[in-house]
2 protein chains.
Amino acid sequence: MSLTHALLGLLAVEPASGYDLTKEFEQDLGRYAWQAGHTSVYPELVRMAERGLVEVTEEGPRRRRTYSVTSQGREELRKWLLEPWGQGVVRNEQVLRMFLLEALEPEEAAAALRGVIEHAEQGVTQLSAHRAHRAEEPPEGRDVLGQLAAEYGLRQYQAMRDWALWALDHLNQRRTD
Amino acid sequence: MSLTHALLGLLAVEPASGYDLTKEFEQDLGRYAWQAGHTSVYPELVRMAERGLVEVTEEGPRRRRTYSVTSQGREELRKWLLEPWGQGVVRNEQVLRMFLLEALEPEEAAAALRGVIEHAEQGVTQLSAHRAHRAEEPPEGRDVLGQLAAEYGLRQYQAMRDWALWALDHLNQRRTD
DNA sequence: GTTTGACATGTCGAAGTCGACACATGCAGA
DNA sequence: TCTGCATGTGTCGACTTCGACATGTCAAAC
């Protein structure tokens, strides 16, 4: 299961509690790669502990339990990361919508595409500002993952914008045929 | 549900059977936007027919049933497509793996990143060739969706490659600090 | 002292997804 | 003629995910 590996990966970078991990999924990781709520995270950590992939290494106030990856967990993660790159799970509601705009009347599709462009443009602007801001103090620990995700997100938005511009152009061409 | 809308969108472009729709999910649509097997498609079509979103407009050999969108279905699709662009469902195993490479030892991470670059490069090459080939005969019907998807896929692969190049460079820099 | 809000973990049922299994048809080629 | 293959549709159980609900703690502000 991918959730298992996502948790394994996060914990491999730095030990954390279910609460910390849940917040991670609300950041860039959840925005571009994999989503999970706390109702998935907590039970999964218990199952992973039972399988010996992780263990509780610290107990803090408010029942906080900090998990760390065991050597077995690290091995499982490594195995998964080094598998050949095939077709994995893909599920992206926004991209689905982009493709299906074709089903609208040309005028409405064009308007929606302009919406996509604006949305992507905003994403580019926001992440660029974020990057400039981060250049001053290099990230550590799990923040490095956040930086990787943010960089990817930036390129994603650029690709989305370029695609939408192309699609709009393409639509206009077909309209004037 | 997104599956509902995916089917609605495909049928809005062109009436089709569950079998046709399933094949569509095996193409670019399933590769970049949304996956679904026939075991999800057939029951969903029945449910959608019960809700009045689609209807059987033709019965062919081998129990083939061709579905079409009803006006109610078209309205539902339109409503969904014109909703404001927020954060939808995102699930991408490959991207997840890309981010988590950070958890590997620098040497292994670098090797894996070079794998990503090669993989993305292949994707770019393949889709570019596909595009050149398609330039001769413009697509029709559902093929237009395929073209939109392929164009998007091409930009995706480029973004993936660029990201991986950046990440590799970034990794080397941190290694020599 | 109490209220507010972030911290922190959990259950449970409904809904959605997936792989395994199942079965029947029409067509093309050996 | 028969054999294989793509076509075409379906069920079922296991697993995953998600939202709603529930509970308690600690610190700071008021």
Side-chain angles (χ1 to χ4, degrees), chain A residues 1-8 10-11 15-27 29-31 33-51 53-67 86-93 96 142, chain B residues 1-8 10-11 15-27 29-31 33-51 53-67 86-93 96 142:
Chain A
M1 239 210 339
S2 286
L3 177 55
T4 315
H5 295 117
L7 294 174
L8 231 34
L10 289 170
L11 292 175
S17 67
Y19 187 79
D20 300 332
L21 295 165
T22 300
K23 276 196 300 179
E24 210 60 35
F25 283 108
E26 288 164 9
Q27 310 296 314
L29 185 72
R31 207 146 37 233
W34 205 268
Q35 297 171 333
H38 80 277
T39 59
S40 301
V41 171
Y42 289 117
E44 182 61 23
L45 284 171
V46 172
R47 278 191 295 269
M48 286 165 73
E50 281 166 5
R51 290 173 54 197
L53 300 173
V54 296
E55 59 186 348
V56 176
T57 48
E58 199 189 322
E59 307 219 4
R62 300 174 209 178
R63 302 171 59 207
R64 177 190 174 91
R65 257 162 295 152
T66 303
Y67 287 86
Q87 167 70 8
V89 176
V90 173
R91 198 140 274 179
N92 193 317
E93 203 173 353
L96 179 64
R142 273 203 317 278
Chain B
M1 241 210 338
S2 287
L3 177 57
T4 315
H5 296 117
L7 295 175
L8 232 33
L10 289 171
L11 292 176
S17 68
Y19 187 79
D20 298 333
L21 294 165
T22 300
K23 276 196 302 181
E24 210 61 33
F25 283 108
E26 288 164 9
Q27 309 296 315
L29 186 71
R31 209 153 27 240
W34 205 268
Q35 297 171 333
H38 80 278
T39 59
S40 300
V41 171
Y42 289 116
E44 182 60 24
L45 283 171
V46 172
R47 278 192 295 271
M48 287 166 72
E50 280 166 5
R51 290 173 55 197
L53 300 173
V54 296
E55 60 186 347
V56 177
T57 49
E58 200 191 321
E59 307 218 4
R62 297 174 211 178
R63 300 170 59 207
R64 178 190 172 91
R65 257 162 294 151
T66 303
Y67 287 86
Q87 167 69 7
V89 177
V90 173
R91 199 140 276 178
N92 193 318
E93 204 172 354
L96 178 64
R142 277 203 316 278

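Quick note on labels: first sequence line is chain A, next is B, and so on, each numbered from 1. Atoms considered below: every heavy atom in the structure, side chains included; atoms not considered: hydrogens, waters and symmetry mates.
Comparing A:T39 and A:P61 against DNA chain D, the residue whose closest nucleotide sits nearer the 5' end is A:T39. Judged by closest nucleotide on DNA chain D, B:K23 is the one of B:K23 and A:W34 placed further toward the 5' end.
In this structure, the side chain of B:Q35 engages the main chain of A:G88 through a donor-acceptor pair within 3.5 Å.
Side-chain contact between A:T22 and A:E26 is present, with heavy atoms from C-beta onward closer than 4.5 Å.
Residue B:P43 has its side chain nearest to D:dT11 when only D:dT7, D:dT11, C:dT11 are considered. With D:dA6, D:dC18, D:dA27 as the choices, the nucleotide that has an atom nearest any side-chain atom of A:R62 turns out to be D:dA27. Side-chain atoms of B:Y42 lie closest to D:dT9 of the nucleotides D:dT9, C:dC18, C:dA6.
Proximity of A:Y19 to the phosphate of C:dC7: a side-chain N or O atom is located under 4.0 Å from OP1 or OP2. At the phosphate of C:dG10, OP1 or OP2 sits under 4.0 Å from a side-chain N or O atom of A:R65. Contact annotation: A:R64 reaches the phosphate of C:dA8 (side-chain N/O to OP1 or OP2, under 4.0 Å).
Rounding to whole angstrom units, CG of residue B:D20 and C1' of D:dT9 are separated by 13 Å. Note: CG (A:L45) to P (C:dA8) measures 14 Å, nearest angstrom. Rounded to whole angstrom, the span from the CD atom of A:Q35 across to the P atom of C:dT17 amounts to 13 Å. The CD-C1' distance, from A:E44 to D:dC18, rounds to 15 Å in whole Å. Summarising the geometry, the separation between OH on B:Y67 and C1' on D:dG10 is reported as 11 Å, rounded to the nearest angstrom. Here C:dG26 presents its C1' atom at 17 Å from CD of B:E59, a figure rounded to the nearest Å. Rounded to whole angstrom, the span from the CD atom of B:E58 across to the P atom of D:dT7 amounts to 17 Å. Rounded to an integer number of Å, the gap from CE of A:M1 to P of C:dC18 is 14 Å.
At the heavy-atom level, B:S17 lies under 4.0 Å from the strands shown only through sugar-phosphate atoms. Using a 4.0 Å heavy-atom cutoff across all strands shown, B:R91 reaches sugar-phosphate atoms only and no base atom.
Interface remark: the B:H38 side chain does not form any donor-acceptor pair with the D:dG8 base, using a distance-only criterion of under 3.5 Å.
Between atom CZ of residue B:F25 and atom CG of residue B:L3 there is a gap of 5.5 Å, rounded to the nearest 0.5 Å. Taking CE of B:M1 as the start and CD of B:E44 as the end, the distance is 3.5 Å to the nearest 0.5 Å. Atoms CG and OG1, on B:D20 and B:T66 in that order, are 7.0 Å from each other to the nearest 0.5 Å.
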